[in-house]
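Scope of the values below: all heavy atoms of this structure, side chains included, with no hydrogens, waters or symmetry mates. Below, chain A is the first sequence line, B the second, and so on; all start at residue 1.
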Number of protein chains: 2
Amino acid sequence: MDVTIYEVAQRAGVSIATVSRTLRGNGPVASKTREKVLKAVEELNFTPSRLGVSLAEGRHAANGIVFPSLSGPYYTEVLLGYEEVAAELGRSVLILSTAGRTRVRDLVKDLAGRVDGLLIFGHTAPDDVVAELVQVGMPLVFVSREPLAGADTLRSENTASARLLAGHLLDHGYEHFAYLGAPLVSGDDVDERWQGVRAVLGGAIEAVATGQYTVEDGYDAALRLLRRQRPQALVCCDDEVALGALLAAEELGLAVPGDLAVTGWDDIMAARHARPALTTIRQPMRELGARAARALDELITGARSTPNHLTLTTELVIRASCGIHPQEEPP
Amino acid sequence: MDVTIYEVAQRAGVSIATVSRTLRGNGPVASKTREKVLKAVEELNFTPSRLGVSLAEGRHAANGIVFPSLSGPYYTEVLLGYEEVAAELGRSVLILSTAGRTRVRDLVKDLAGRVDGLLIFGHTAPDDVVAELVQVGMPLVFVSREPLAGADTLRSENTASARLLAGHLLDHGYEHFAYLGAPLVSGDDVDERWQGVRAVLGGAIEAVATGQYTVEDGYDAALRLLRRQRPQALVCCDDEVALGALLAAEELGLAVPGDLAVTGWDDIMAARHARPALTTIRQPMRELGARAARALDELITGARSTPNHLTLTTELVIRASCGIHPQEEPP
DNA sequence: TTGTAAGCGTTATCAA
DNA sequence: TTGATAACGCTTACAA
């Protein structure tokens, strides 16, 4: 891409203004002129410089997204939903992964300078940068964190489903529980889930830390836990941790369900295919991303100016891992 | 971000050229002047507009990446390696997912207009667009496809490892095979793998199609296959398909290994944790991404101008799924 | 050591 | 219906 609007104008024998009008389809253009212009555009294979357009329009036509990493399907799914809708709306997507990275502050600020709006997961961006962005009016939507003034927040319902899940486990007759994946920051999804189950299970459940919320760390943490005590049910903060717990149980020769119940969260693809299939809370990940993109669009175009705080509903999906269900799948 | 270099200059009582020099640290600036400028920058909280900088510098300081989707860890891992190194080099990353999308041509062209260089997976970008990009000299690196004139190509070794794998299976004494995940385009990784195993196994192996290379489609395809015939070994085009095959085998009551051998490709995290653990070919996915970013940097900065075609080495990882290995893990 | 001014490639206003 | 021309926000010769 090297040819500019000037060369097109010259070739077509018109001014650059006319070329611009023709291409954008706004101002009036005589149809004979239009044809000359289009011909020149065609011949020169002209594409307007994105930089020139953006500078003049005063917008990037691009969105950013900040996530910790892409381990596991959760962030990936949200990202795909986000990118798809963003593309529909004519916006590109710039990504920023913060996990294990130094100078996150600068990276986020740089990213913010390249986009019209930002989707930020939980607390992946430093509070002061967030404050700054809110301050300057940058359109922002946060996913998986508590509401914040001056920005949209979007999340799936956690506490009510947590109670539902806890209730179901009580119905199975369990009395001793552990929550695998202790919350790291307050107010995010993992924390809300923990608060929810604890509200029902009270002293009968104890939070156990994992490193990250991955299969590996879930496996390690579960192994350590199960070697020194035997809760009857392991409520995991997400499906990946739960898959890790399943592996640990197998390694220790514990039957799931039977010796141990395990539950997850999110309903990632692997949850259905796990052995045993995971009881979990389904969260509409793709939709989270899609909605975030639309919300951002509203904010950017000015179709809306007051922040929205939305909570999507979830669904308890009961499968095999949480215990024996007598009248299941009659033949 | 609303304050411009003019306001800073005015406040500091200097010209915009001096502000620019100070901030970029190139031209000479008296230290007293520098301080005045920095003070003004501080007070006004000035950040140079990315658009202005890019337009003047004639570069985006951004890279693009084109992939089909992000299902499964392969693309994700490459993406993470890519983004990490790109960030190190001061470049942002724009993504484009093409799966199930219409107007891919336009999307790729638009993306190309926003970046200094592009990583493209296999054949995810239409050939004519690719030709056009090569034509105009856009720095390009392709991952997982056959060498192409005018662009870097980068891939992991496939055929030699395929032979190695096939040989190992022959050593197990198998005589009837199936290759799950028939190649869709010629020249990509999946095709090379197929060519490699077929070179060794000849007529003893037959290619079986899956939809996409996912756990679900692998499961479906394996189920259909195993219901009508019983190869002794299932060579899968990647680990996800292999995981699906494992599920299908379990569903049919086939023991793996024993009744059936299954192998994968890539060595994703789940391969190690699968039951049985997957025999597979390890491919350095993260490094693929990292190298692509560096290669692009060389091309963009002009440190190199002739295309490179690099093949990274892989490793056969023998685990349990390919058959019984007598003297394994002595206690 | 500093400032002036010419780009960089568009869009859009205002006259003609 | 068209064309000058002023933004948009910066970098960087070139002069001073």
Look only at the side chain of A:D188 and the backbone of A:S144, and say whether a donor-acceptor pair between them is shorter than 3.5 Å.
-> no
Taken to the nearest whole Å, CD1/B:I5 to P/D:dG9 is 11 Å
Within the pair A:R24 and C:dT10, is there a side-chain N or O less than 4.0 Å away from OP1 or OP2?
-> no
Basic-acidic side-chain contact under 4.0 Å: B:E57, B:R50 | yes
Between CD of A:E35 and C1' of D:dT2 the distance, given in whole Å, is 17 Å
Identify whether the distance between the nearest side-chain nitrogen and carboxylate oxygen of B:E298 and B:R294 falls below 4.0 Å.
-> no
Taking only side-chain nitrogens and oxygens of B:N26, does any of them come within less than 4.0 Å of OP1 or OP2 of D:dT12?
-> yes
Sugar-phosphate, base or nothing in reach of B:S20, heavy atoms under 4.0 Å | base
Looking at the side chain of A:A17, which of C:dA12, D:dT2, D:dC10 is the nearest nucleotide?
-> C:dA12
Validation row: B:T22, B:T33 side chains within 4.5 angstrom (heavy atoms) | no
Per nearest nucleotide of DNA chain C, the residue lying toward the 5' end, B:A56 or B:G13, is B:G13
Whole angstrom value for the distance that separates C1' of D:dG9 from CD of B:Q10 = 16 Å
Can you find a donor-acceptor pair, distance only, under 3.5 Å between B:R21 side chain and C:dG3 base?
-> yes
Sugar-phosphate, base or nothing in reach of B:A30, heavy atoms under 4.0 Å = sugar-phosphate
Quick one: label A:P48 by what it contacts on the DNA or RNA (base, sugar-phosphate, nothing), any heavy atom closer than 4.0 Å.
-> sugar-phosphate
A:S15 side chain, from C-beta outward: closest of C:dG7, C:dT4, D:dA4 = D:dA4
Using a cut-off of less than 4.0 Å, is there contact between a side-chain N or O of B:T18 and OP1 or OP2 of C:dG3?
-> yes
A:L51 has an atom CG; how far is it from atom P of C:dC8, in whole Å?
-> 13 Å
Could you give the CG-to-P distance, from B:D2 to D:dC8, as a whole number of Å?
-> 11 Å
The nucleotide from D:dG3, C:dT10, D:dG9 with an atom nearest the side chain of A:V14 is D:dG3
Taking CG from B:L55 and P from D:dT11, how many angstroms apart are they, rounded to a whole number?
-> 11 Å
Between D:dA6 (P) and B:Y6 (OH): distance, integer Å | 14 Å
Quick one: on DNA chain D, does A:T33 or A:I16 contact a more 5' nucleotide (nearest heavy atom)?
-> A:T33
Taking atom CD of B:E7 as the centre, does the number of heavy atoms from other residues, nucleotides or ligands within less than 6.0 Å exceed 12?
-> yes
B:R114 CZ to C:dG9 P, straight-line distance once rounded to whole Å | 17 Å
